[in-house]
Amino acid sequence: NAGVMQNPRHLVRRRGQEARLRCSPMKGHSHVYWYRQLPEEGLKFMVYLQKENIIDESGMPKERFSAEFPKEGPSILRIQQVVRGDSAAYFCASSLGGANTGELFFGEGSRLTVL
Amino acid sequence: AQSVAQPEDQVNVAEGNPLTVKCTYSVSGNPYLFWYVQYPNRGLQFLLKYITGDNLVKGSYGFEAEFNKSQTSFHLKKPSALVSDSALYFCAVRDPSAGNNRKLIWGLGTSLAVNP
């Protein structure tokens, strides 16, 4: 049973370009979470999605960032017109739908570098 | 407001000695509490959780944690540290009275260094 798969593991973009980060949750999991991690800031919640629905996007910047989790295919975190401050590790996690105990399964992360 | 505090940015311990990584929380209801570990350049891995029952919870890699309701703490412990335990440790809490929002509240992490 494959774990949470994220790709790409490393992504380099120039300022103004777009970054697309993909996350395939564990088999059977219908809840996906995106986090951003910076060395001095810990783990920051960005968005929580279920299939085709955004449940909580309170951690998402108001502009340039969007996320989706379509009925078929991986969850996508999209960053438009990237800036240097977007450089970070982005982690996806999934959990089993219907479970109430909150255990999350994390991917290995996508490390974005903006030049 | 719900919050989690990990009061130590870094903990240093000699190999073979006991280790403690501290966590305190603030939630309105009875909390669900979690510890995760992150090795360098890796994703977070679940270590253990407290939902209900025995206050002493045992988890992966010989770690355990004790839920103390009166002190609102959930400190992570291990009787004998290994160099391979060196990693970043995160405490997290969920308030089950918060409804269907399964968002965890995370501490900022504690870097554990075990010296040979």
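Residue numbering restarts at 1 for every chain, and letters A, B, ... go by the order of the sequence lines.
- At a 4.5 Å heavy-atom cutoff, Phe105(A) makes no contact with chain B through either its backbone or its side chain.
- Interatomic distance, Trp106(B) CH2 to Phe45(A) CZ, rounded to the nearest 0.5 Å: 11.5 Å.
- Nearest heavy-atom pair across Lys49(B) and Glu103(A) is NZ-OE1, 3.8 Å.
- Ring-centre distance between Phe106(A) and Tyr36(B): below the 6.0 Å cut-off.
- Transitive grouping of hydrophobic side chains (ILVMFWY, heavy atoms separated by less than 4.5 Å) keeps Leu112(A) and Tyr35(A) in distinct clusters.
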Leu43(A) vs Leu44(B), side-chain contact (heavy atoms from CB on, under 4.5 Å): CA-CA, chis, key distance, verdict: CA-CA 10 Å; Leu43(A) 201 64; Leu44(B) 279 72; 3.8 Å; yes
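- Interface remark: Gln38(B) contributes side-chain atoms only to the contact with chain A (heavy atom separation under 4.5 Å).
- Hydrophobic clustering (ILVMFWY, side-chain heavy atoms < 4.5 Å, transitive): Val57(B) and Leu33(B) are in one cluster.
- Atom CZ in Arg42(B) sits 10.0 Å away from atom CZ in Phe91(A) (nearest 0.5 Å).
- Minimum heavy-atom separation, Phe90(B) to Gln37(A): CZ-NE2, 3.5 Å.
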side-chain contact (heavy atoms from CB on, under 4.5 Å) for Asn41(B) and Glu108(A)? Distances and angles first, verdict last. CA-CA 8 Å; Asn41(B) 299 312; Glu108(A) 296 290 278; over 6 Å; no
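- Contact annotation for Leu88(B): only side-chain heavy atoms (C-beta onward) come within less than 4.5 Å of a heavy atom of chain A.
- Within 6.0 Å of the CD atom in Gln10(B), the count of heavy atoms belonging to other residues, nucleotides or ligands exceeds 12.
- The neighbour count for Glu18(A) CD, taken as heavy atoms of other residues, nucleotides or ligands under 6.0 Å away, is above 12.
- One hydrophobic cluster, built from ILVMFWY side chains closer than 4.5 Å, cannot hold both Leu48(B) and Ile51(B); they sit in different ones.
- One hydrophobic cluster, built from ILVMFWY side chains closer than 4.5 Å, holds both Phe74(B) and Leu112(B).
- With hydrophobic clusters built from ILVMFWY side chains whose heavy atoms lie under 4.5 angstrom apart, Ile76(A) does not share a cluster with Ile55(A).
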